[in-house]
Structures are given as C-alpha cells and as structure tokens.
Amino acid sequence: MAHPTTGGALRTLLALTAEWVSDAARDPGGELRVRASPPVLRPLAAAAIVVATGLLLVVVALFDAWHAVGRNLERRVDDAARLTGVTLQEVSSELGRLRVEGCGPAARESLARASFDSVMAREFFVEFSQEEVCGPLGPVMRAWPAVPLAAPTVFPVDRMDGLLLRQPHPQGIAAALIAPRQILDRLGEVAGASFSLRAAGGWTLIGDPGGERRQGADAAIVSRPVPGWPIVAEAVLDARMLRNHIASRAVLWTSLWVLAFIVAIGGANALLAARAGRRRQVETALRKRRFVPVVQPIVDAGSGACVGVEVLMRWKHPARGLVSPVEFIDFAERSGLIVPMSDLVMRTARDQLAEVALEHPGLYFSFNVTPGQLRRPDFCAEMLAVFDGDPIDPSRVVVELTERDLVDTQVREMLGRLRDAGFRVAIDDFGTGQSSLALLQNLAIDRLKIDREFVRTIGPDATDHPVLDAIVGLAHRLHISMIAEGVETTAQHQRLATLGVQALQGYLFARPMAPIELGPWLAKQAQGSAPVPARQSLHDIVQALRAAPRLVGSRWYRLRRYPDCILGSELTDWLVDTLGITRQRALRIGQRIVARGWLVHVAEEHDFEDGPYFYRLVPLHAQEEGVATAGTQEPEPVEVLGWLQGPRGVSPGARAIGLLSYRSAVSGHEIVEALARVAGLSHERLGLLRHVDDEFGFEDSRSRLYTFT
C-alpha cells in the first residue's frame with residue numbers, strides 16, 4: 001500500500017496532468033476538440049492475434065511431431081517383431097531341411113553349404129549327443145548348455161557373439177548361430193531409439209536397453225511380442241535424443257511461422273493503414289464540418305408546385321469538391337460515424353433553410369436516417385431537440401428509411417415513437433426490399449417513395465409496367481401517399497400523374513442544389529399563395545453586426561493573435577440587446593449566420609456557441625457576392641467541360657514537373673486562361689477537375705497539373 005503522502009502527491013500530479021491535457025486539447029473556442037485516436041491499438045491487436053495464432057500452430061505442430069515420433073516408433077517396433085518372427089522362421093525352416101548322417105565329410109560339406117547359402121544364419125550345427133556336436137569344420141566343443149528341449153528355443157551365446165536357435169532334429173538337435181547384426185540391419189534405425197530382443201524369461205537376446213536408459217525417468221519403452229516365439233521385440237526411446245529431434249523440427253516450424261508472421265503483419269498493417277487513413281479523412285471532414293446538405297425539391301404531380309424538399313448529404317472535399325455519398329456512406333455506417341454526420345447535416349440544413357421555412361410554411365423537409373440512428377434509445381429526443389419549432393416543427397419533418405431496414409424490431413419501435421412525437425415516416429426505394437403488406441399496414445406509413453428503377457421503365461417503347469402498377473395499386477388500397485423518384489422526362493411525369501401518384505421528384509423539375517439556392521428557385525415557381533415575409537433578414541443583421549463598434553477585433557489565445565474575430569458570448573449579448581430577443585433565440589440566429597457561411601469558426605470545427613469561441617466574419621465582398629449569386633444558375637459541368645475541350649479550350653498533353661511526367665494533363669493556369677478566353681469565367685467549378693494526385697484543390701498555378709474527370 002502506498003504511503004498517504006505519496007498517494008496524495010500522485011493524485012495531485014494526475015489531476016494537474018489531466019487539467020493540462022484538457023487545456024492543451026482545447027481550441028481557441030474553449031471546448032474540447034474531437035480528436036481521432038491514433039490507430040495503434042488495432043495493429044497491436046492484429047499483431048497479438050497473429051502471434052498467438054502462430055504460437056498455437058507451432059505448439060500444435062511440435063505436439064504432432066512428438067506424437068508422430070511415438071507413432072513411428074510403435075510402427076517400427078511392430079515391424080521389428082514381425083521381421084524377427086519371419087527371420088527366425090526362415091532359419092527354423094533351414095534347420096528342418098538339414099540331412100546329415102554322423103559327422104563325416106559328407107555331413108560337414110552339407111553343413112558348410114547350408115551355412116554359406118543361408119542369409120540369416122552364420123553357422124549350422126547338429127547335436128548328436130550331449131558330448132558330440134558336428135559343425136561345418138567337423139566336431140566342435142559345445143559352447144552352450146546341453147539342455148534338452150521339445151520346441152525351438154532362442155538364447156544368446158556370449159562366447160560365440162550371437163544368438164543360437166535350437167530345435168529338435170531327426171539326428172538329435174539342430175542349432176543355428178545367428179549374428180545380431182543381421183536382425184538389426186533388417187530392422188533399420190529410428191532417431192532417438194534403440195531396439196532389443198528379450199526372451200520371455202527376461203534376459204536380453206540382442207541389444208541392452210536396460211540400465212540407466214531403461215530405468216531413467218526420461219525414457220519410454222515400447223514392446224511387442226514376436227509372433228510364434230517366446231520373444232519380445234522392444235525399443236527404448238531416449239527423451240533427450242527425442243528432444244533434439246523435436247528441436248530440429250522446431251527450428252523449421254519457427255522459421256516458417258516467423259515468415260508467415262512478417263507477411264501477416266505487413267498485410268494487416270497495410271490494410272489497417274488504408275482503413276485508418278480513410279477513417280482519419282472522414283473524422284477530419286466531420287471535425288471541420290465539411291459534410292453539408294443539398295436539397296432537391298418535391299413537386300405536386302398535378303400543379304407542379306413545390307410541396308417539400310429532400311435533404312441530401314454531400315462531402316465538401318477540399319480537393320474534389322462535392323463528393324457523392326455513394327463513396328463514403330457505407331463506410332460511415334460501418335464505422336458508426338454516420339450518426340454525428342447526420343446530426344451535423346440536419347442542424348446545418350435546419351439553419352440554412354430557416355428563412356425558406358418561414359416564408360413557405362406549407363413545405364415539408366425530408367431527411368434520410370439509418371438503422372444505426374433508429375436503434376439509439378435517445379434518437380427521438382435528439383430529433384425533437386433539433387426540430388423544436390424554430391422554425392421547423394416535427395409535423396414538417398419526414399423521416400425516410402429504406403424498405404430493407406423495416407425487418408429490425410427495434411427500428412420499427414423507434415419509428416412508432418417518432419410518429420407519436422409528430423414526425424412523419426416515408427419508406428424510400430419501395431419495391432426493392434422485403435416488407436410485407438401486414439408490416440406496412442401496422443406501421444401506418446405516411447408516404448411511399450417509388451424507386452427510380454421502376455420509374456425508368458416508363459418510356460416511349462414500354463407500354464406495360466406490371467411492378468409499377470402493382471406498387472401504385474397497393475399504395476391506393478392502403479391509402480398511403482406516393483412520391484416517385486428519378487422523374488426525368490415529360491412522359492414519365494404524365495404517366496405517373498395518370499396513375500395517381502401525388503408527388504414527383506427528379507431532374508425534370510430540379511437538380512440537387514445548395515440550400516441557399518432554394519429560396520430564389522421557389523421565387524421563380526408559381527405558388528398558390530403569397531409567401532409569408534421573414535421576420536428579419538439575416539443579411540441585414542450581419543451588416544449591422546459589421547458596423548457595430550468594438551465588437552469585431554483582434555483576439556489573443558496562447559500568445560497567438562486572431563484578427564477580425566468576435567467572441568460567441570459577446571455576439572449573443574449583442575443580438576439580445578439589439579433585437580430584444582432571448583439568448584436561446586439569439587443562439588439560433590447565430591447558428592443560421594454560421595450555416596449561411598457569413599461567420600466561421602477560426603478552426604472550422606464548431607457551430608455557433610454562446611461561449612468563449614472565436615469566430616471570424618467573412619469579407620464584405622464575399623458576403624455581397626454570395627447574396628447576389630444565390631439565385632443565379634451556374635453553368636452545368638458538361639457545359640464547362642465543353643468549353644475546356646472545345647477548339648478554343650485546352651489541349652491535354654504531356655506535362656512534366658521535376659522528374660515526373662504525366663501523359664494527359666493541363667496546368668491550372670492554362671485552365672484559368674481558357675475559361676476567361678472562352679466564357680469570361682474567372683473561377684473554377686469544383687468537382688469538374690481532379691488533381692493528378694487527388695490531394696489539392698484547384699489553383700491558378702503552372703506547377704499544379706489536372707486531368708478531366
């Protein structure tokens with residue numbers, strides 16, 4: 001246990017360290033900055049898994065090698081017992097074929113010829129009596145006991161350095177001297193083991209595995225009986241020699257494991273680095289508030305009047321311009337980043353569309369949500385906090401999700417809670433999922449959005465649309481309003497209106513546009529009722545803000561100067577005093593000013609907050625340009641590309657920067673000159689051109705090369 005004084009000092013040190021870390025992580029706005037944790041744990045976890053798996057494989061391999069040696073030894077002992085029995089049987093058969101009479105020259109010649117022809121026996125003898133023994137060279141002295149027998153017997157003869165096989169013979173007893181080497185050569189060798197033959201009585205016939213090796217704790221003995229003989233074939237496994245054998249195998253397996261480990265770690269690091277790099281890009285974009293809303297109008301099929309807008313998400317990439325969600329939405333859902341991304345887009349759209357919502361109270365706003373958001377228990381409360389009636393209330397918000405997401409019970413429960421809170425529910429891409437009629441009826445869906453794939457079947461050559469007709473008929477029977485997506489031709493418009501589809505959406509009416517462009521677009525449309533005037537123009541408020549004395553000036557934070565900044569809390573105070581409104585209302589107006597891009601956080605990482613946050617007013621000419629061009633129609637990408645690729649445009653060709661050469665590219669300066677020459681344009685269209693390394697935005701520079709997308 002730590003000393004109390006020491007423990008107190010440690011706690012104080014930890015508190016000071018935590019305070020310093022928290023203070024160091026704060027930006028000039030004073031709030032903890034959302035930082036992406038470095039992707040270290042995942043590679044370490046992958047390395048740990050690979051190491052553990054590799055070690056497990058090595059252990060399993062060594063165990064298998066150990067048991068393989070044991071199994072091999074048992075198999076070899078079985079073979080030894082069988083071969084020994086075969087050998088003794090061959091010698092016994094040769095003894096049975098001996099025909100000798102006495103120990104004369106003919107008998108000796110017969111014994112010598114049999115000894116010479118035998119593969120296993122070194123010499124043959126015939127015992128005529130206890131004293132008389134005849135061999136290939138004539139009478140010999142008995143070197144073994146004259147023991148009578150009734151069956152073949154094998155025993156060692158030390159004086160003759162071999163095994164003696166004795167068995168009954170018509171003239172007495174026939175004997176054969178067998179060299180031990182003959183049997184051992186037949187058996188072969190096994191690493192770490194020694195063979196022996198032991199008689200049933202316990203004495204050793206061949207080899208000597210007894211003694212220290214036989215009695216030691218690190219020795220294993222395998223025995224098998226020799227078929228047809230009172231002999232046991234035996235092998236002693238020396239554990240020390242076995243360990244040496246296993247060690248040699250371990251070197252091979254370990255080398256293979258190390259190689260596999262290096263390859264696996266390299267591949268894992270490459271994969272994780274790619275995924276971590278992509279995650280860092282998305283997290284940085286989220287922190288820099290680069291996920292922005294675009295809107296596409298939804299019109300009435302009969303009158304053509306705009307009845308609502310769908311809010312879509314785009315990634316405002318610094319180099320590529322507006323990136324379609326097709327490239328990042330799946331990754332965002334898998335990584336869980338879709339929740340803060342959707343929350344950011346909803347809040348930004350609410351503030352950017354505030355004036356439109358006030359001027360056109362009949363419009364509704366549709367937002368796409370994911371199952372991950374709907375599974376959050378606080379999602380309904382979060383939606384109510386975003387759409388609190390200033391100026392958009394829940395009754396003007398439509399929550400869209402795909403038909404495939406309805407199979408989740410938790411999602412269906414949250415949809416019910418949202419609908420009870422006043423939100424409306426629409427099923428997107430209807431006809432491509434697996435929902436049943438009972439499910440649709442029980443959920444009380446407000447709208448069905450017919451997928452664009454079914455709308456595309458309507459054409460001059462297509463007269464039959466069975467799936468589309470079935471969807472429309474189903475919606476009519478369930479009394480659910482319909483919205484058809486992807487309407488691009490007048491024929492599609494007329495056919496859908498004839499079928500009774502209430503609302504349409506597609507390029508025929510309007511392409512997705514920035515929220516700031518929606519007001520001018522609506523002003524050009526024929527509305528049935530006069531718009532409600534806005535309470536006060538944000539532009540006028542910003543102009544008054546710029547003229548306010550001592551409100552905008554230089555700010556200092558950590559010895560760093562931030563020019564032309566305003567403090568969030570001071571701006572809130574000014575709005576409260578100037579407009580005579582509550583701080584909550586002033587906070588919402590500040591959020592709308594930031595959403596319009598007239599006021600930006602110094603680090604581009606925060607919405608407007610009533611606190612010690614530094615914000616910078618954009619230059620006056622940029623504001624005026626934004627207001628003046630909000631409703632103007634920018635040239636289409638195809639049109640701009642036509643200018644660049646026309647006879648007076650640019651000619652992509654070989655370009656070089658340093659030692660690098662690019663086959664088909666143009667410099668940024670050439671593009672600027674061509675646009676000014678052909679169309680009088682002095683700015684680029686983001687997204688039309690892509691930097692050759694996909695890392696930089698457009699620059700009027702001879703050192704930046706671009707290729708057409």
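For clarity, every value in this text was computed on a predicted model and none was experimentally measured.
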If we only count heavy atoms from C-beta on, is the [X] to [Y] side-chain gap below 4.5 Å?
X: Asp428; Y: Leu448; answer: no
X: Val576; Y: Thr582; answer: no
X: Val600; Y: Val594; answer: no
X: Ile593; Y: Ile541; answer: yes
X: Val455; Y: Glu485; answer: no
X: Leu504; Y: Ile298; answer: no
X: Leu344; Y: Val292; answer: no
X: Pro297; Y: Trp521; answer: yes

For the residue pair [Y] / [X], report whether a side-chain donor-acceptor contact shorter than 3.5 Å exists.
X: Thr572; Y: Arg583; result: no
X: Arg350; Y: Gln591; result: yes
X: Glu310; Y: Asn368; result: yes

Minimum-distance pair of heavy atoms, taken over all atoms of [X] and [Y]:
X: Gln352; Y: Ala595; result: NE2-O, 2.5 Å
X: Arg447; Y: Val398; result: NH1-CG2, 4.0 Å
X: Leu353; Y: Pro515; result: CD2-CB, 3.8 Å
X: Ala426; Y: Ile445; result: CA-CG2, 4.4 Å
X: Gly308; Y: Leu363; result: N-CD2, 3.6 Å
X: Val399; Y: Phe423; result: CG2-CB, 4.4 Å

side-chain contact (heavy atoms from CB on, under 4.5 Å) partners of [X], counting only residues at least two apart:
X: Leu508; result: Val487, Thr490, His493
X: Glu333; result: Ile329, Ile338, Thr370
X: Arg375; result: Pro371, Asp408, Gln410, Val411

Salt-bridge present ([X], [Y]; N to O < 4.0 Å):
X: Arg419; Y: Asp446; result: yes
X: Glu355; Y: Arg596; result: yes
X: Asp330; Y: Arg334; result: no

Output all residues satisfying ring-ring contact (aromatic ring centres under 6.0 Å, His included) with Phe608, sequence neighbours left out; order by chain, then residue number.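 Phe608: ring-ring contact (aromatic ring centres under 6.0 Å, His included) contacts with Tyr615.
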Backbone N or O of [Y] within a donor-acceptor pair of the [X] side chain at under 3.5 Å?
X: Gln373; Y: Val369; value: no
X: Ser335; Y: Ala332; value: yes
X: Asp378; Y: Ala381; value: no

Would Arg546 and Asp564 count as a salt bridge (Lys or Arg N to Asp or Glu O under 4.0 Å) if you check the C-alpha gap in whole Å, the side-chain angles of each, and the deciding distance to 0.1 Å? CA-CA 10 Å; Arg546 182 170 294 279; Asp564 299 328; over 6 Å; no
So, using salt bridge (charged side-chain N to carboxylate O under 4.0 Å, His left out) as the criterion, who are the partners of [X] when residues are at least two apart?
X: Arg452; answer: none
X: Arg396; answer: none
X: Glu382; answer: Arg376
X: Arg588; answer: Asp388

Checking side-chain contact (heavy atoms from CB on, under 4.5 Å) for the pair Val386/Ile392: CA distance, chi angles, key distance, verdict? CA-CA 9 Å; Val386 175; Ile392 303 175; over 6 Å; no
Tell me, please, which residues at least two apart from [X] pass side-chain hydrogen bond (donor to acceptor under 3.5 Å, both in side chains).
X: Trp315; answer: none
X: Glu400; answer: Ser366, Lys449
X: Arg314; answer: none
X: Asp607; answer: none

Taking it one step at a time, do Val602 and Tyr613 satisfy side-chain contact (heavy atoms from CB on, under 4.5 Å)? CA-CA 9 Å; Val602 291; Tyr613 297 84; over 6 Å; no
Look at the aromatic rings of Phe614 and Tyr557 and report parallel, tilted or perpendicular, splitting at 30° and 60°.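 Rings of Phe614 and Tyr557: perpendicular, as their planes differ by over 60°.
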Working to the nearest 0.5 angstrom, can you tell me the gap between [X] [atom1] and [Y] [atom2]?
X: Arg417; Y: Met383; atom1: CZ; atom2: CE; result: 12.5 Å
X: Phe328; Y: Leu337; atom1: CZ; atom2: CG; result: 11.5 Å
X: Ser342; Y: Phe291; atom1: OG; atom2: CZ; result: 10.0 Å
X: Leu286; Y: Gln281; atom1: CG; atom2: CD; result: 13.5 Å
X: Ile589; Y: Leu575; atom1: CD1; atom2: CG; result: 6.0 Å

Could you go through Trp574 and Leu545, starting from their C-alpha distance and side-chain angles, then the distance that decides it, and tell me whether this counts as side-chain contact (heavy atoms from CB on, under 4.5 Å)? CA-CA 8 Å; Trp574 181 84; Leu545 170 63; 4.0 Å; yes
Under the ring-ring contact (aromatic ring centres under 6.0 Å, His included) criterion, do Phe387 and Phe365 qualify, and how do the steps go? CA-CA 11 Å; Phe387 303 105; Phe365 304 90; 8.3 Å; no
Both conditions, 6.0 Å and 45 degrees, for the charged tip of Arg616 above the ring of Tyr562: are they met here?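 Verdict for Tyr562: no cation-pi partner in Arg616.
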Could you walk me through whether Leu415 and Leu374 pass side-chain contact (heavy atoms from CB on, under 4.5 Å), step by step? CA-CA 8 Å; Leu415 288 178; Leu374 293 172; 4.2 Å; yes
